[in-house]
Amino acid sequence: MTIRLLGKKIGMTQIFDDSGRIVPVTVIEAGPCLVIAVKEKSVLLGFGDVKEKAVSKPRMGLFKKANVKPRKFLKEVPKVKDQQYQVGQEIKVDVFTPNEKVDCSGISIGKGFQGGMKRWHWDGGPKTHGSTSHRRAGSIGSSTTPGRTIKGHHMPGHMGNIAVTVSGLRVIKVDPENNLLIVKGAVPGHKNSYLIVRKTTKHTRQVIRPIIAEQKAEAGKKDAKKQSASVKK
């Protein structure tokens, strides 16, 4: 298992590399993360200070049992092989080194309810000759087989606010004194949103999103084929 660290997105800026080119970077406050509990195959990490009055009683009991200060963001992560963990131990940003690759996981910025042109990049309808269907959805189903709207069909709806992982980000700089990690490119979420940063072996930048919509669409196509086959029989 790879090393994971909890952090917070501070924001984006730009720096100059050795050749004088501008490099867009994201500044992340990574750690220190406190070990709250040690389990058989995982550890519970906590990040970010929080007042006791803002913590629920069940969660406060967890902190009292571990005899540690409350933390705002908690996440259970797999153990790293051959590494020893103790309750109250701090894991800092110096576990990362410049020029290595990391993955950043977080919740993307919510866009609210959006139309199909913005959400799914539709081309839209006719723009001239008195058309009133510039940005409308249009027909969504067939009048014959299967005679219904296929599951997973792209429609207007809620956009953003989903779990996203950006992989293959290069570490530009590590600042242990200020607990800062600077990576090349953008990471999910708005300013001050929480992230999970982990080491990776991926060399190219990739954006990984949930494939729920695609899975629904494939399931709908299979249902349509089954129904059409039954009609032919």
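Not measured: the values here are computed from a predicted model.
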Legend entry - Plane angle bin for Y194 and F73 - parallel if under 30°, tilted between 30 and 60°, otherwise perpendicular: parallel
Legend entry - Gap between atom CD1 of I10 and atom CD of E29 - 0.5 Å precision: 5.0 Å
Inset, instruction - For L45 and L34, run side chain to side chain contact (heavy atoms under 4.5 Å, CB included): C-alpha distance rounded to whole Å, both residues' side-chain angles, the deciding distance at 0.1 Å, then the answer. - result: CA-CA 6 Å; L45 299 181; L34 195 65; over 6 Å; no
Inset, instruction - Determine whether K79 and V38 make a side-chain contact, defined as any pair of heavy atoms from C-beta on separated by less than 4.5 Å. - result: yes
Inset, instruction - Decide yes or no for L181 and V171: does some side-chain heavy atom of the first lie under 4.5 Å from some side-chain heavy atom of the second? - result: yes
Inset, instruction - State, yes or no, whether a side-chain contact exists between K191 and K9 at a heavy-atom distance under 4.5 Å. - result: no
Legend entry - Atom pair NE2 (H190) and CG (N161), whose distance is rounded to the nearest 0.5 Å: 8.5 Å
Inset, instruction - Check whether any side-chain heavy atom of I182 sits under 4.5 Å from a side-chain heavy atom of T26, and report yes or no. - result: no
Legend entry - All pairs passing salt bridge (charged side-chain N to carboxylate O under 4.0 Å, His left out) where residues 12-24 contributes a residue, at least two apart: D17-R21
Inset, instruction - Drop me the distance from R4's CZ to E76's CD, to the nearest 0.5 angstrom. - result: 11.5 Å
Legend entry - Nearest-0.5 Å distance that lies between atom CD in E100 and atom CG in L169: 12.0 Å
Legend entry - I107 side chain near V164 side chain, heavy-atom distance below 4.5 Å: no
Inset, instruction - Using side-chain hydrogen bond (donor to acceptor under 3.5 Å, both in side chains) as the criterion, list what pairs up with R119, not counting sequence neighbours. - result: none
Legend entry - pair I36-L74: side-chain heavy atoms closer than 4.5 Å: yes
Inset, instruction - Report, as yes or no, whether the 6.0 Å neighbourhood of atom NZ on K101 holds more than 12 heavy atoms from other residues, nucleotides or ligands. - result: yes
Legend entry - Side-chain ion pair, K72 and D49, N-O less than 4.0 Å: no
Inset, instruction - Would you mind reporting whether K75 and F47 have side-chain heavy atoms less than 4.5 Å apart? - result: no
Legend entry - Close side-chain approach of I15 and I172, heavy atoms under 4.5 Å: yes
Legend entry - S105 side, atom OG; R198 side, atom CZ - distance, nearest 0.5 Å: 4.5 Å
